[in-house]
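The basis for the numbers below is simple: all heavy atoms, side chains too, and nothing from hydrogens, waters or symmetry mates. Proteins come first, then strands; the chains are lettered A, B, ... in the order of their sequence lines, and each starts at number 1.
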2 protein chains.
Amino acid sequence: MTAPLHEARPSGPGRALPDTQQGMRRRNLARVLHALRAEGPLSRAAVASRIGLTRAAVSTLVDELIRSGLLEELGPERPGRVGRPGSALAVSGRGPAGIGAEVGVDHLAVCAVDLRGTTRARAIRQGANRDRSPEPVLAELTELIRQVVAEAEGEGLWPAGLAVAVPGLVARDARTVVRAPNLGWHDTDLGTLLPAGLPLTVDNEANFGALAELWLGEDTPRDFLHVSAEIGIGAAVVVDGGLLRGTRGFAGELGHVPVRPDGPECPCGGRGCLEQYAGEEAVLRAAGLEPGEDRVGLLAGRAAQGDENVRRALRDAGTAFGVALTGAVNLLDPESVVLGGELSGLAPWLLPSLRDELARRTAGPVCPVSVSGLGPEGPLLGAAHSVVRAVLDDPAAVAGQA
Amino acid sequence: MTAPLHEARPSGPGRALPDTQQGMRRRNLARVLHALRAEGPLSRAAVASRIGLTRAAVSTLVDELIRSGLLEELGPERPGRVGRPGSALAVSGRGPAGIGAEVGVDHLAVCAVDLRGTTRARAIRQGANRDRSPEPVLAELTELIRQVVAEAEGEGLWPAGLAVAVPGLVARDARTVVRAPNLGWHDTDLGTLLPAGLPLTVDNEANFGALAELWLGEDTPRDFLHVSAEIGIGAAVVVDGGLLRGTRGFAGELGHVPVRPDGPECPCGGRGCLEQYAGEEAVLRAAGLEPGEDRVGLLAGRAAQGDENVRRALRDAGTAFGVALTGAVNLLDPESVVLGGELSGLAPWLLPSLRDELARRTAGPVCPVSVSGLGPEGPLLGAAHSVVRAVLDDPAAVAGQA
DNA sequence: GCTATTTCGTCATGCCGATTTACAAATTAG
DNA sequence: CTAATTTGTAAATCGGCATGACGAAATAGC
């Protein structure tokens, strides 16, 4: 017999709902929905046995979810077993949709994802946004959003919320961009510049990328470190299936972990931060290349061609990553480290030295480092799916908004 | 309107209980207890308004808690206000007690804490345990435990559980000491060597120290980093009022965060780890002192006397701490950093350079660094209180075990 | 001093949500 | 064709809190 370990606990489905009978019902609605989303079409009886409720209880929950358009009855199952066949239920493909949007440095993207997790509509517009003022950029984005929403509505979906990924720091109100250096934005309230009437969430690209990895990655654990390099170098810390944001929302600043305490000065005030060794600018300089458009593509291209200067620069960056990640892994003991976003394109040349350095500095089993399979799509998908998750976690909140 | 931020959520009272009507009741029992513990004697009506239930509901909850001996009715309040005076309720001082124990390198300690949080019995035995085998040490500890339990029982308390703090790594089963270098123990199951019949939890000294800080410290935030140096240098990461343990339970290894990537070799396999600069051994060497008993006391004494070698050694250690903590703060964005355990005795000479270094490397507001007020008692108190918290978080689990 | 007012604790009642029990429907096994 | 098995639903029950009413015990005002 053991007393409980006092430890941080997960968010889990609907854990924020009030602790009342109504809250319990809402959590049970969420459990039914989650079970059906995770394990394909199931009968009421199958759902009941999976989530530990009775068939009767599940029946009423399912009724409610069907009435709100979140579930569909597919009809009788073709059984190989004895007994009356169940009626298959599935998450609706014509219910609420999560609208995800991304403001990139040189593109805008929007997509719509349904409850099943499939992308049903998308729109992308290339074009440099660096140092354009927010108004025209967001007007363009609004136009794309309208397009995607219209397309989704054409397929019987209705938008349940909008989540926007931006390459910068976002205030905890999830609306205001505090600072986006690569866009030149600061203290911009996106709430007033985007379509009203849709619940809005704005968050850092890196955070959405990590969530995408958590929700869509194959075999992604519930505790990992997601490293990306869009605006500087950022890491998202995922603990027990939730993002660790920090008191001010600034957690994950891997780029300013000291690698060499007496290294070159960094605009952050420190010296020898990881960004001074592995940041985009530093790597370009070390490789002898000029900064310009599509810098990551340039690096990857040259490295693939065998340019030894570029390869050395990337190797050294990997080593610096290894040092910084050693610290992070020692502090957090994550199950794995995932390289995401633009970094995944450079992984072939970064990874060997990174892994080497990490292994050299670790006594026991080495924390595995992998590359995200989502590529540059991560943040956009994470944004759209965050809306979908919100619906799955509390279906009652959106029921009847159709 | 904003969609929810996907983030790690707190444990909170009884969040692990099942999501059923009974679970709800158990959580409400916990809420009543927590309210009474936090805000002194209160009437039923006062409790009701505080936790958001009706007087009627609180009445039945209180009845149950009184029947199980967790609450006491103190009798009518002397009111200055109009209306019938309430009957004051208070957490019982004669109910369950948490038994905390500590296996130190040169002492054993046990204490009993009641639901009110007051220490009601204690026993300490000095004596070096370094490299003694577990059996005799735990036999001695068992003897102390029996003493303390007997004393507590004399005051009408009954032991609800035993929590043991050890200077080493503990497996996630919370019973087995994987490795305690300073004791020379490894893979020792304490469950078989301690009094049976009591729910047992074993954990790292540093973790219990951090929990003590969380529960007993003044103005301690719910997100902080607790640094201690008993076995090497460890940090406990507290997120939203819960410990972050990591996948294998190894989170918080601040001692092996690289400070200088090419620094001296470390037994961990790395180079230039914090421990090579700020570990006990390193500091003693830098100060020109021989290792022996009570090394921390020796350092503090010499420093207080003005020994410049010792002071310089501690200053340098503080600087190294500053570098490592810069990394940690950038990754975790805690509300504060607390120096606890033995470190608190050396704080006067460590802090200035530590704060300097941290400030130098930080652009915005600097993360405040403070010293624990609990001193070396932290881990022992944390252990005892962890049992008490377990009771407060789920009173129904222990009701009727008296 | 007496009454009105206010607040407290408790009871009876009702509501909500899940469980239990029972049963009709739909299938397979023999 | 019957027995067995499983599904989905309806009716009754139970657990838990809310609501509303009431007596009890204090103060406030006359």
Side-chain angles (χ1 to χ4, degrees), chain A residues 14 17-32 35-36 41-67 71-90 394-396 399, chain B residues 14 17-32 35-36 41-67 71-90 394-396 399:
Chain A
L17 296 175
D19 200 1
T20 62
Q21 292 191 45
Q22 287 92 322
M24 193 171 93
R25 176 141 188 104
R26 288 166 73 176
R27 279 186 292 271
N28 282 338
L29 287 168
R31 289 166 68 193
V32 170
L36 281 166
L42 293 174
S43 68
R44 290 166 175 75
V47 171
S49 77
R50 250 157 259 243
I51 66 177
L53 292 178
T54 59
R55 294 192 314 253
V58 169
S59 256
T60 74
L61 291 165
V62 163
D63 283 352
E64 190 170 335
L65 289 170
I66 289 181
R67 269 200 311 278
L71 284 187
E72 276 173 8
E73 186 125 31
L74 299 183
E77 289 174 325
R78 211 157 316 256
R81 306 182 308 288
V82 58
R84 167 178 167 179
S87 176
L89 299 165
D394 185 14
Chain B
L17 296 175
D19 202 3
T20 63
Q21 291 191 43
Q22 288 90 323
M24 194 171 93
R25 175 144 190 101
R26 288 166 74 176
R27 279 187 291 272
N28 282 337
L29 288 168
R31 289 167 68 193
V32 169
L36 281 165
L42 293 174
S43 67
R44 289 167 174 79
V47 171
S49 76
R50 249 157 263 242
I51 66 178
L53 293 179
T54 60
R55 291 182 318 218
V58 169
S59 256
T60 74
L61 291 164
V62 164
D63 283 353
E64 190 169 335
L65 289 169
I66 289 181
R67 271 199 311 277
L71 284 187
E72 277 173 6
E73 185 125 33
L74 299 183
E77 290 174 326
R78 211 155 312 259
R81 306 182 309 286
V82 60
R84 168 176 167 182
S87 178
L89 300 165
D394 186 14

Are any non-hydrogen side-chain atoms of B:Leu74 and B:Glu72 less than 4.5 angstrom apart? yes
When you measure from the side chain of B:Arg50 to the backbone N and O of B:Val32, does any donor-acceptor pair fall under 3.5 Å? no
5'-most contact on DNA chain D (nearest-nucleotide basis), B:Leu53 vs B:Glu77, goes to B:Leu53
Any donor-acceptor pair, under 3.5 Å, between the side chain of B:Arg44 and the base of C:dG9, if you only look at N and O atoms? no
For C:dG17, does the base pair up with any side-chain atom of A:Gln21 as donor and acceptor (N or O, under 3.5 Å, distance only)? no
Sugar-phosphate only, base, or nothing, as touched by A:Ser43 at under 4.0 Å among non-hydrogen atoms: sugar-phosphate
Contact class for A:Ala45 (heavy atom, under 4.0 Å): base, sugar-phosphate, or nothing? sugar-phosphate
Is any N or O donor-acceptor pair between the side chain of A:Arg84 and the base of D:dT6 shorter than 3.5 Å? no
Mind checking A:Arg25 for me? I need base, sugar-phosphate or nothing, with any heavy atom below 4.0 Å counting as a touch. sugar-phosphate
Calculate the interatomic distance between A:Asp63 atom CG and D:dG8 atom P; express it in whole Å. 11 Å
Side chains of B:Asn28 and B:Leu53: does their closest heavy-atom pair fall under 4.5 Å? yes
Between P on D:dG15 and CZ on B:Arg27, what's the gap in Å once rounded to a whole number? 18 Å
Across the strands shown, which category fits A:Ser87 at heavy-atom distances under 4.0 angstrom: base, sugar-phosphate, nothing? sugar-phosphate
Students often get this wrong, so: under 4.0 angstrom with heavy atoms, is B:Ala57 touching a base, only sugar-phosphate, or nothing? sugar-phosphate
